[in-house]
2 protein chains.
Amino acid sequence: MKVNATIYDVAKAANVSIATVSKVINETGHISEKTKRKVHQIIEELDYKPNMMASALMGKQTKTIGLLIPDIANPFFSELARSIEDRGQELGYNLVICNTDYKIEKENKYLALLKQKSVDGFILASGFEHLEEVEKLIKEKTPVAIVARDFPMFSINGVALDDFMGGYQAASYLIGLGHENIDVIARDVWSNRERIRGFKQALEENNRKFSMNFEYIGESTVEAGKAITHKYLSSSNIPTAIFACNDLLAAGALQAAKENGVSVPERLSVIGFDNTLIARIVEPPLTTIGQPIQSMGKQVMDLIVSMISGEQKEKIRITLLPSVVERESTNNRM
Amino acid sequence: MKVNATIYDVAKAANVSIATVSKVINETGHISEKTKRKVHQIIEELDYKPNMMASALMGKQTKTIGLLIPDIANPFFSELARSIEDRGQELGYNLVICNTDYKIEKENKYLALLKQKSVDGFILASGFEHLEEVEKLIKEKTPVAIVARDFPMFSINGVALDDFMGGYQAASYLIGLGHENIDVIARDVWSNRERIRGFKQALEENNRKFSMNFEYIGESTVEAGKAITHKYLSSSNIPTAIFACNDLLAAGALQAAKENGVSVPERLSVIGFDNTLIARIVEPPLTTIGQPIQSMGKQVMDLIVSMISGEQKEKIRITLLPSVVERESTNNRM
DNA sequence: TTGAAAGCGGTACCAA
DNA sequence: TTGGTACCGCTTTCAA
């Protein structure tokens, strides 16, 4: 068992002090070319890698970011995590990923734990609406950014989608197709309330009225989407279109429609949200409101890094715009 | 900006030495009840949390594990990562997740980087077949376990699926349904070679011969699955069934079948592998060889932790068995 | 240009 | 039962 070389081993082998070695590694101070070469050579020979714990102890960065996400097994979040990690890698950061299951206790637990581990900052994709613990962190100057969630009443940096616009686009698109009776599937979280607000706005502008069937559901799963769609489809006011607030829910809607023998898009149009892998593999492929997931991941990573480096002094909110991605689950009524 | 309390602050406030504080925290040595209470109280008041970097420097664990995975956006891996993280959380470990894209350079880079960050061990879901760097780590006594990949010629701990059995089950099931002409979709990696070996075994036992159309594909994506299926379907030897080595590929096969106007399962049966979310949402829902993903995640986490703690001295290989999950993409020919 | 030494925040051995 | 202190591996003054 070869033990890893330390800065002392390098110093000894190079006949210099550890201070000198430290300086050539960090390119601080003035060291002669000759010494530099010598030290680099020894570093090479010994395969020396600085211990990051030790430098972190001295106040340096750990180059590690905590990513708190509801559920990495959810395609939207796994795609988002992927894009964040990609950018992190380019910038030299690692991600420790924590699944919160939308539970505030889990979020708080992870927050405390990772703080002990000296992560450089946090990216929150979890999205609660009571952020006391997060507020504490911010007060302590710990860099925190949110992504894919919006908290208009909370002073925190982040990148989010214009959810209002997303809902507006969904309704406009469906209305453009001639639909009058559109039901909505959504879990009761802020972003969905925004989407619905945008949705209603478009409805009003076109003198349509909002669904009679609407009710919030408990979780964003295929099964939940299926169950509520069954309900809508057997109501006295059968919709000609459904706006599901994410692709998973929309996939459930598709399944329910099939079980009820109503063909999509002929008798029922379904529009999803997110444009994840899901939208491309269900049958029929899903028309959906696309979130620029790649861009969101990159932006939020850039944001947190600029906060860590101290460049980003003012609060900033980056809003990305959705766009409708047409596929085959929607149909013209006219 | 309130600075975090250190062990010195606690010691001072409690009128004891830092040695004493350390002892009550770690429950080592003999400390009077009274002192313990006092110290705990101060810890509470100051909201003191030990800095894990500092203890890591003294040789303690960081309670962090590196997870190297090809692509977290792939549903199989995101579900696997989820189950590993779940178990990690129960055991008090965090996961730093790295996407390797099946690239050996990326894997090596991450390995070196995370070692610098003093992770307690590595879980590799990546699966390369030349593991020199990994071998080095093992020599240095760094705990490393593999999951969902098998390396029979490599002495490393891990938990894997019995891929041979999976292929055997797939073939047996399809043969039981009366299929004679089964094509295979697979990327050229060890586990798929094993699956195909098992597949051929079952074929032989039933006096069937292996597909004439077979060729390995370059990547495991929906698109690749679709492309190769188009090819198979327009060959001179049209299959009545397809065995896709993962659900994504199977989803692609479904799409190609639809585009060619061949209905599934009436004219073509398709069987997948993994039993991910994908299998439940495509149309028709996929019959697939199910991997016990939850169990794999738990087992590999338990394994790495027991290696870290030193309990697991001998090399161990845990093999889990697949099972066929029947849905609607396969059909009886008879 | 280089090095000695004082930390960073803990752990653990040895005395008291 | 408690405390003094050396040390983990590195950074950073401050002198030389």
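Keep in mind it's a predicted model, so treat the numbers as computed, not measured. Chain A is the first sequence line, chain B the second, and so forth, proteins listed ahead of strands; every chain is numbered from 1.
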Pick base, sugar-phosphate or nothing for A:Lys60, based on heavy-atom distances below 4.0 Å to the nucleic acid. sugar-phosphate
Does a side-chain N-to-carboxylate-O contact under 4.0 Å join A:Glu33 and A:Lys36? yes
So does A:Thr6 get a side-chain nitrogen or oxygen closer than 4.0 Å to the phosphate oxygens (OP1/OP2) of D:dG9? no
Could you verify whether a donor N or O on one side chain and an acceptor N or O on the other, from A:Asn94 and B:Lys117, lie under 3.5 Å apart? yes
Can you check the A:Met52 CE to D:dC10 P distance for me, whole Å? 11 Å
Over how many whole Å does the gap from A:Gln61 atom CD to D:dT11 atom C1' extend? 15 Å
Separation of atom CE in A:Met53 from atom P in D:dT11, rounded to whole Å: 13 Å
Sugar-phosphate, base or nothing in reach of B:Ile18, heavy atoms under 4.0 Å: base
Side chains of B:Asn108 and B:Glu133: do they bring a donor and an acceptor to under 3.5 Å? no
Between A:Lys49 and A:Asn4: side-chain donor-acceptor atoms closer than 3.5 Å: no
Length of the CG-P vector between A:Leu57 and D:dC8, whole Å: 14 Å
Touch check for A:Val21, heavy atoms < 4.0 angstrom, all strands: base, sugar-phosphate only, or nothing? nothing
Nt span of DNA chain C in reach of chain A heavy atoms at under 4.0 Å, 5' end first, is C:dT1 to C:dG9
State plainly whether the residues A:Glu90 and A:Lys298 are in salt-bridge range, i.e. N to O under 4.0 Å. no
Here the distance between atom P of D:dT1 and atom NZ of B:Lys34, to the nearest Å, is 14 Å
Would you state whether a donor and an acceptor, one from the side chain of A:Tyr8 and one from the base of D:dC8, lie under 3.5 Å apart? no
Give me the residues of residues 35-44 of chain A where at least one heavy atom lies under 4.0 Å from an atom of DNA chain C, by number, or none. A:Thr35
Consider only side-chain N and O atoms of B:Asp120 and B:Thr62, and report whether a donor and an acceptor are under 3.5 Å apart. yes
